[in-house]
Amino acid sequence: MDYQRILPCPELRNYISYFWVGTWDVNLPPNDIYYVVANSLTEISFAFEGNQREDDLLFTVVQGQTHRPQQFKVDGFYHVIGVCLHSFAIPKLFNISATELYMGFLTLETFLGLEGRELTEKMALAATTGKRIAILTDFFKSLVRKRQREDQLIAQAVQIIKDEGGSTRINELAQEFCLSEKQFKRRFKASTGFNPKLFNRIVRFESVIKTNPDWTNLTEAAHNNGYFDQSHLNHDFKTFTGFSPTDFYKLST
């Protein structure tokens with residue numbers, strides 16, 4: 001698979017983590033299973049028959065943040081364009097609690113109605129990846145202008161957890177913001193859809209995935225990312241992806 005990440009423009013970086021593009025070899029069988037693994041982000045994806053101008057847009061997916069791996073049968077695809085949103089951006093952009101998308105898997109039209117249908121049509125008619133990213137950028141810029149709710153404190157807390165790679169002590173973070181742990185948990189879950197300790201754990205697991213090229217074995221990965229030992233890392237792999245580490249990395253070959 002040819003995979004690339006594209007950073008959003010500065011105006012959107014408090015809302016969007018990154019855009020991504022994945023293209024598979026058309027000489028191989030098409031992908032007819034959509035894999036979902038534990039993810040602290042909310043994704044909106046557009047799956048195409050291929051990466052040529054005339055290739056059809058097959059389906060859209062709004063995948064909410066989740067701690068559980070899942071698999072969905074879909075039409076065979078070779079090309080996907082997606083946007084990964086910070087879960088705390090969901091209330092700001094869509095005026096709903098992030099919990100409403102937690103573990104969700106639905107079409108863009110189901111999620112946004114007419115607005116989702118119009119965006120889908122624009123993406124289907126665009127000729128290139130660059131134009132599709134530009135369409136998504138304009139769409140989210142328009143949402144930012146209409147945002148109605150925001151919790152800067154929780155956005156800051158999420159950033160601290162990400163900066164620390166999921167090794168944050170939640171009780172100490174709550175104290176830092178002059179909140180009881182119960183208050184912090186309630187506000188954090190309303191903004192992100194996650195219990196803060198579970199979010200912390202998923203971010204730690206994501207740190208292992210991101211640093212994959214930097215470690216030589218799983219023991220090193222575990223110790224460098226705050227795990228007590230490799231068995232705890234293996235347990236999180238199974239919990240968050242549904243696979244052992246070895247089987248999970250085989251998926252990308």
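Computed from a predicted model, the values in this text were never measured in an experiment.
When side chains are defined from C-beta on, Phe19 does not count as touching Thr129, because their heavy atoms never get closer than 4.5 Å. Between Tyr3 and Trp20, the closest side-chain pair of non-hydrogen atoms falls below 4.5 Å. Looking at heavy atoms from C-beta onward, Leu85 lies in side-chain contact with Ile90 at the 4.5 angstrom threshold. Contact of the Arg204 side chain with the Val208 side chain is not registered, since no non-hydrogen atoms from C-beta on lie closer than 4.5 Å. A 4.5 Å side-chain heavy-atom check between Thr241 and Phe205 finds at least one atom pair inside the cut-off.
Residue Ile33 is grouped with residue Phe248 when hydrophobic side chains (ILVMFWY) are merged at heavy-atom distances under 4.5 angstrom, including chains of intermediate members. The cluster map of Ile, Leu, Val, Met, Phe, Trp and Tyr, joined by side-chain heavy atoms under 4.5 Å apart, puts Ile133 and Leu125 in different clusters. Linking Ile, Leu, Val, Met, Phe, Trp and Tyr residues whenever their side-chain heavy atoms come within less than 4.5 Å leaves Leu7 and Val158 in two separate clusters. Both Leu251 and Phe240 belong to a single network of hydrophobic side chains, linked directly or stepwise wherever heavy atoms of I, L, V, M, F, W or Y lie under 4.5 Å apart.
Taking CD of Gln230 as the start and CG of Leu218 as the end, the distance is 4.5 Å to the nearest 0.5 Å. Here CD1 of Ile135 is found 11.0 Å from OG1 of Thr120. Values are rounded to the nearest 0.5 Å. In this structure, Ile202 CD1 and Thr239 OG1 are separated by 10.5 Å, a value rounded to the nearest 0.5 Å. Here CD1 of Ile154 is found 10.5 Å from CZ of Phe88. Values are rounded to the nearest 0.5 Å. Rounding to the nearest 0.5 Å gives a distance of 8.0 Å between CG of Leu112 and CG of Leu119. Taking CZ from Phe139 and CD from Glu118, the interatomic distance works out to 9.5 Å, rounded to the nearest 0.5 Å.
The minimum heavy-atom distance between Val203 and Gly166, with the atom names listed, is CG1-N, 3.6 Å. In this structure, Leu41 and Cys84 approach most closely via the heavy-atom pair CD1-CB, 3.7 Å. Counting all heavy atoms, side chain and backbone alike, Pro69 lies closest to Gly242 at CG-N, 3.4 Å. Residues Pro91 and Ala98 approach most closely at CG-N, 4.1 Å, considering heavy atoms.
Legend: residues meeting side chain to side chain donor-acceptor pair (under 3.5 Å) with Asp247, ordered by chain and number and at least two apart, are Ser244. A search for salt bridge (Lys or Arg N to Asp or Glu O under 4.0 Å) contacts involving Arg186 returns nothing, not counting sequence neighbours. For the salt bridge (Lys or Arg N to Asp or Glu O under 4.0 Å) test, no residue two or more places apart in sequence or in another chain qualifies with Lys238. Partners of Ser40 according to the side chain to side chain donor-acceptor pair (under 3.5 Å) rule, which considers only residues two or more places apart in sequence or in another chain, are Lys162, Glu206. Take Lys189 and apply the side chain to side chain donor-acceptor pair (under 3.5 Å) test, not counting sequence neighbours, and it matches no residue. Listed by chain and residue number, Ile44, Leu101, Leu106, Leu108, Phe111 satisfy the side chain to side chain contact (heavy atoms under 4.5 Å, CB included) test with Val62 (two or more places apart in sequence, or in another chain). Partners of Glu115 under the salt bridge (Lys or Arg N to Asp or Glu O under 4.0 Å) rule, at least two apart in sequence or in another chain, are Lys146.
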Check the pair Ile161, Leu173 against side chain to side chain contact (heavy atoms under 4.5 Å, CB included), reporting the backbone distance first and the verdict last. CA-CA 9 Å; Ile161 291 172; Leu173 187 58; 4.1 Å; yes

Take Phe48 and Val80 through the test side chain to side chain contact (heavy atoms under 4.5 Å, CB included) and record every step on the way to the result. CA-CA 6 Å; Phe48 296 82; Val80 178; over 6 Å; no

So Leu143 and Tyr15, side chain to side chain contact (heavy atoms under 4.5 Å, CB included) or not? Walk me through it. CA-CA 10 Å; Leu143 290 184; Tyr15 308 89; over 6 Å; no

Would you sort out whether Tyr227 and Asp236 count as a side chain to side chain contact (heavy atoms under 4.5 Å, CB included), showing the intermediate values? CA-CA 10 Å; Tyr227 285 91; Asp236 271 5; 3.0 Å; yes

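Sorted by first then second residue, the side-chain hydrogen bond (donor to acceptor under 3.5 Å, both in side chains) pairs that include residues 99-109, not counting sequence neighbours, are His67-Tyr102, Ser97-Thr99, Thr107-Thr110, Glu109-Arg117. Within the structure, salt bridge (Lys or Arg N to Asp or Glu O under 4.0 Å) contacts touching residues 40-66 (residues at least two apart or in different chains) do not occur. Among pairs with a residue in residues 170-180, those fulfilling side-chain hydrogen bond (donor to acceptor under 3.5 Å, both in side chains) read Ser180-Gln183, at least two apart in sequence or across chains. Residue pairs satisfying the side-chain hydrogen bond (donor to acceptor under 3.5 Å, both in side chains) criterion with at least one member in residues 24-35, sequence neighbours excluded, are listed as follows: Asp25-Asn27, Asp32-Lys73, Tyr34-Ser45. Residue pairs satisfying the salt bridge (Lys or Arg N to Asp or Glu O under 4.0 Å) criterion with at least one member in residues 123-136, sequence neighbours excluded, are absent.
Exactly one residue among Val83, Asn14, Ile16, Leu136 makes a side-chain contact (heavy atoms from CB on, under 4.5 Å) with Pro8. That residue is Ile16.
For the pair Gln63 (side chain) and Asn39 (backbone), a donor-acceptor distance under 3.5 Å is absent. Between the side chain of Asp138 and the backbone N or O of Lys141 there is no donor-acceptor pair closer than 3.5 Å. When atom types are taken as modelled, the side chain of Asn200 and the backbone of Thr168 share a donor-acceptor pair closer than 3.5 angstrom. Looking only at distances, a side-chain donor or acceptor of Tyr78 sits under 3.5 Å from a matching main-chain atom of Leu28.
Applying the 6.0 Å contact sphere to NE2 of His223 captures more than 12 heavy atoms from other residues, nucleotides or ligands. The local environment of CZ in Arg13 is crowded, with over 12 non-hydrogen atoms from other residues, nucleotides or ligands closer than 6.0 Å.
Side-chain contact annotation: Gln65 with Ser87, donor-acceptor N/O pair under 3.5 Å absent. Thr23 and His79 are linked by a side-chain donor-acceptor pair at a separation below 3.5 angstrom, with hydrogens and angles left out of the test.
Between Phe72 and Phe105, the ring centre distance stays below 6.0 Å. Here the two rings, on Phe199 and Phe188, have centers that are under 6.0 Å apart.
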